[in-house]
Structures are given as C-alpha cells and as structure tokens.
Amino acid sequence: MTQLQPDIFVNNRPDTDGDEEEDYFDYFYDEPGSEPGTLIIEPDAKPSRIILIDYDEDNAIRKVDITPNACAPYIGTNTVSWMDIQGLGSETVLKQVGEIFNLHPLLLEDVVNVPQRPKLEDYNNQLLVISQMVRLKEDESGFDTEQVSFVLGKRYLLSFQEEELQDCFEIVRDRIRTSQGRVRKSGADYLTYLLLDTIIDGYFPVVEHYEDRIEALEDMIISNPDRDTMQEIYDVRRELLALRRLIWPMRNVLHLLMRDHHGIVSDEVQIYFRDSYDHVIQILEIIEAYRELAASLMDVYMSTMGNKLNEIMKFLTVISTIFIPLTFIVGVYGMNFENMPELKGEWSYFMVWLVMLAVAGGLIFYFWRKGWFKPIYSLKEEAKS
C-alpha cells in the first residue's frame with residue numbers, strides 16, 4: 001500500500017483572526033429585485049485558495065494552491081477527488097470553479113452568499129449540502145460559526161469554507177494520508193459522510209461547555225445573585241437557542257441523505273448517515289434539556305431574590321416587634337400626669353429599665369426558639385431538587 005509522501009502532504013495552518021462579533025440569528029437574504037445567482041462577496045472575505053486531495057486505494061496525492069483549471073483533469077477519473085476551496089473572497093476563482101464543474105448559478109449563490117440555512121438540494125448529477133460548523137471562542141464566552149458547503153458528484157467532492165484551515169477536518173485528512181479505515185476504499189459519498197459527521201461531532205464539546213456554565217450559574221445564584229447573573233442567564237438561553245437553530249435543520253438534511261435515492265449516495269453509505277442522524281438527535285435532546293435548565297435558573301434566581309427580600313423583611317419585622325412593647329412602656333411613663341406613683345419611687349427608673357430589658361430579652365428568646373433568626377441554609381438543596 002502506497003502512502004502519501006511527507007513532502008506532498010504538508011499541514012500549513014495560517015493564523016486567522018476570529019475576534020469578529022458573531023450574530024447568531026443572522027441569515028443571508030437577497031436584495032429585493034436582485035438577479036438570481038448574483039454573488040455577493042463580503043469585503044472582509046478571505047482570498048480563495050484550492051487544495052486538491054486525489055486518492056484511491058493504492059495512492060493519494062495532495063496539491064496546494066492550485067488553479068481551478070488544474071482541477072479539470074480530475075473530473076471523470078476513477079479516483080476520488082476532493083477539492084477544498086478555502087476562503088470565499090475571490091469571485092473570479094469561484095466563477096471558474098462553477099464553470100469547470102458545471103455548477104448551477106443558484107447553487108453557487110448559496111455557497112458564496114453566507115450564511116445560509118443548512119439544507120440539501122438536488123441538482124441532477126450533483127448534491128448541494130450546506131452545514132454550519134461551530135467552535136468555542138478562545139475566551140469560552142460563546143461559540144463561532146462557519147458555513148461549510150459540499151457539492152457532491154459521482155467521483156468528486158467540492159467543499160467551500162469561509163476560513164483557511166479553521167476546521168475540524170484534520171482527522172479526515174490524516175485518515176486519507178495514512179489510509180486508515182475505509183475512506184481510501186470508498187467513494188466521494190463516504191468522504192462526504194466523514195466530513196459531515198466530523199462537523200456534527202464538533203457540536204458535542206460546545207454543548208458540554210454550556211453544562212459547565214449552567215452549573216457555575218447555579219452556584220452563583222445560590223451564593224450571591226446580582227444583575228450580572230441575570231444577564232448571564234439570558235446570554236446562555238440566547239446562545240442555546242442559536243445552537244439549536246443551527247443543528248435543527250441538519251436533521252432534515254441527514255434524513256434526506258439516508259432515505260432518498262439520489263443516484264449519488266450508495267445504499268451502503270446511507271446506512272452510515274443514520275449514525276450521523278442519531279448524533280443530531282442526541283445533540284438536540286441535550287440542547288433542549290439545557291434550555292429547560294437555563295429557563296429554570298431564572299425561576300431559581302427570582303426565588304432566591306425573593307427569599308433574600310423575605311429575610312430582610314423578617315429581620316426588620318423582628319426588630320420592630322421587639323421595640324413595640326418598649327415604645328409602649330416609654331410612652332406610658334412619658335405622659336405628664338402628676339398622680340403617677342411610680343414617678344416618685346426611688347427605684348422606679350431602674351425598675352422600668354429592668355422591665356424593658358426583660359421584655360426585650362423574652363421576645364428575643366421566643367423568636368430564637370421559633371427559628372426566626374436562622375438563615376435559609378436549605379435553599380440550595382431545595383433548588384437542586
């Protein structure tokens with residue numbers, strides 16, 4: 001078995017800037033009256049570069065930064081050709097790719113005009129699959145998204161990415177390079193499955209991150225809730241909703257891939273898409289569970305704030321109750337009547353103080369026995385239950 005030469009298959013991962021603000025609820029839409037198939041190139045889009053990986057069971061090659069015309073000889077061969085177009089900023093390159101592979105103008109429009117809703121479209125001898133890849137931000141304050149589009153033909157696969165090598169496909173490239181698994185023995189449809197499954201599995205680390213955030217929020221709500229805590233709860237709920245919106249359409253995409261007979265995806269590979277479908281269902285169930293937990297956190301927050309207010313009101317009520325009889329005693333002996341026998345007694349002043357202290361001490365002891373001075377230690381356990 002021949003493997004790729006080290007000098008041919010080289011990883012060059014350029015650094016990219018991922019600090020842009022992400023709008024989780026933004027999808028692309030055409031300008032009213034615009035011609036169908038119009039390509040809208042974003043001003044900050046990365047220049048397009050093409051990486052070709054061509055392989056069969058015995059051999060595999062990798063070519064970097066090739067021109068679209070250099071891809072033409074690999075159409076119609078018996079090998080599997082993967083053209084990975086990274087960056088959507090070169091309109092000329094993208095149009096040349098569309099001409100060489102006979103891409104429908106509407107197909108190319110969906111690929112270039114990002115972001116699009118994940119979907120599957122059948123263009124006769126080609127399948128367009130649009131997906132959304134997610135990754136955690138460096139500061140773990142949320143997640144970034146990137147559209148990845150696939151055009152599947154009989155023996156070739158085109159993949160379009162917004163960024164250069166900021167993906168999770170390295171494990172698939174390594175399998176091709178080292179001939180691990182069955183990827184070198186299968187067609188382009190199996191390669192599409194591997195890439196889609198890798199994108200879907202990339203959701204699991206992001207979802208697990210929100211489990212940690214929710215647990216931290218629970219502790220924060222119980223110990224010391226404030227306005228920042230409430231804002232954090234809203235952020236988590238919003239991000240989980242956005243995550244659900246990204247993964248939900250993939251359920252329909254995979255359902256079509258594993259049910260419909262397009263003539264491009266073999267029956268054997270359709271079975272593998274069932275596994276990806278199960279992963280999507282699992283991710284959706286986890287997201288729904290965390291959304292419910294995030295919603296309940298708001299109830300716990302309001303309950304905690306209400307209990308804190310009740311504690312303050314209870315304390316003030318106890319203090320007021322203690323001073324009510326003392327105020328009554330002082331008010332009685334503060335009246336200006338001459339015939340009050342206690343006013344002329346030698347020990348009257350000290351006796352009044354003794355009575356007031358006894359009343360105050362008795363009330364304090366009574367409230368202590370009733371547990372009114374005891375804080376609500378069991379709040380955290382009640383909230384968890």
Side-chain angles (χ1 to χ4, degrees), residues 24-25 27-29 80 82 103-104 106-111 113-135 143 145-161 167-169 171-172 181-183 186-208 240-292:
Y24 297 126
F25 297 97
Y27 278 143
F28 178 86
Y29 61 92
V80 176
W82 175 18
L103 302 182
H104 195 280
L106 294 180
L107 183 154
L108 197 60
E109 178 187 13
D110 288 339
V111 168
N113 300 346
V114 298
Q116 299 283 339
R117 184 177 183 269
K119 60 182 178 179
L120 170 68
E121 292 187 358
D122 190 349
Y123 287 90
N124 295 328
N125 295 324
Q126 295 174 333
L127 288 181
L128 169 64
V129 180
I130 294 181
S131 63
Q132 294 290 336
M133 180 169 56
V134 298
R135 70 178 73 89
F143 60 88
T145 63
E146 178 184 350
Q147 176 172 308
V148 181
S149 305
F150 300 99
V151 179
L152 174 61
K154 263 298 183 182
R155 299 293 296 177
Y156 64 85
L157 174 67
L158 302 176
S159 62
F160 297 85
Q161 304 183 57
D167 55 35
C168 52
F169 298 153
I171 185 174
V172 179
R182 55 175 299 158
V183 58
S186 304
D189 52 352
Y190 185 78
L191 175 62
T192 305
Y193 153 73
L194 287 179
L195 298 177
L196 276 177
D197 190 64
T198 304
I199 290 176
I200 293 169
D201 289 344
Y203 280 79
F204 283 103
V206 178
V207 172
E208 291 175 358
L240 284 173
L241 179 61
L243 199 62
R244 179 183 181 274
R245 188 182 181 187
L246 292 174
I247 192 63
W248 179 268
M250 287 302 299
R251 187 180 66 165
N252 297 329
V253 171
L254 292 169
H255 186 269
L256 292 175
L257 283 171
M258 70 182 190
R259 295 295 182 185
D260 293 353
H261 296 276
H262 305 280
I264 300 178
V265 180
S266 64
D267 295 338
E268 184 180 3
V269 176
Q270 283 182 332
I271 298 176
Y272 286 96
F273 279 118
R274 295 179 190 175
D275 182 64
S276 298
Y277 182 84
D278 292 338
H279 290 176
V280 170
I281 297 300
Q282 184 179 358
I283 293 171
L284 284 172
E285 290 176 350
I286 296 174
I287 292 176
E288 287 298 326
Y290 290 164
R291 286 184 64 201
E292 293 179 3

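FYI, the numbering just counts along the sequence from 1.
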Is a donor on one side and an acceptor on the other found under 3.5 Å between the side chain of [X] and the backbone of [Y]?
X: Gln147; Y: Gln116; result: yes
X: Ser159; Y: Phe150; result: no
X: Asp189; Y: Ser266; result: yes
X: Lys154; Y: Gln126; result: no

Face-on cation placement of Arg251 at Trp248 ring, 6.0 Å and 45° thresholds: yes
With no hydrogens and no angle check, just 3.5 Å: does a side-chain donor-acceptor pair link [X] and [Y]?
X: Tyr203; Y: Arg135; value: no
X: Tyr277; Y: Gln282; value: no
X: Tyr290; Y: Glu292; value: no

Identify each donor-acceptor pair in which a side-chain atom of residues 190-202 lies under 3.5 Å from a protein atom, sequence neighbours left out, and give them as a table.
| unit_1 | atom_1 | unit_2 | atom_2 | d |
| --- | --- | --- | --- | --- |
| Thr192 | OG1 | Ala188 | O | 2.9 |
| Asp197 | OD1 | Ser276 | OG | 2.9 |
| Asp197 | OD1 | His279 | ND1 | 3.4 |
| Thr198 | OG1 | Leu194 | O | 2.7 |
| Asp201 | OD1 | His279 | ND1 | 3.0 |

Measure the [atom1]-[atom2] distance between [X] and [Y] for me, rounded to the nearest 0.5 Å.
X: Asp110; Y: Leu128; atom1: CG; atom2: CG; value: 6.0 Å
X: Leu107; Y: Leu127; atom1: CG; atom2: CG; value: 10.0 Å
X: Ile283; Y: Ile247; atom1: CD1; atom2: CD1; value: 4.5 Å
X: Arg117; Y: Ser131; atom1: CZ; atom2: OG; value: 13.5 Å
X: Leu256; Y: Gln270; atom1: CG; atom2: CD; value: 10.5 Å

Parallel, tilted or perpendicular, as decided by the 30° and 60° cut-offs, for the rings of Phe169 and Trp82: perpendicular
Greater than 12 external heavy atoms within 6.0 Å of Ile281's CD1: yes
Asp278 atom CG: more than 12 heavy-atom contacts under 6.0 Å: yes
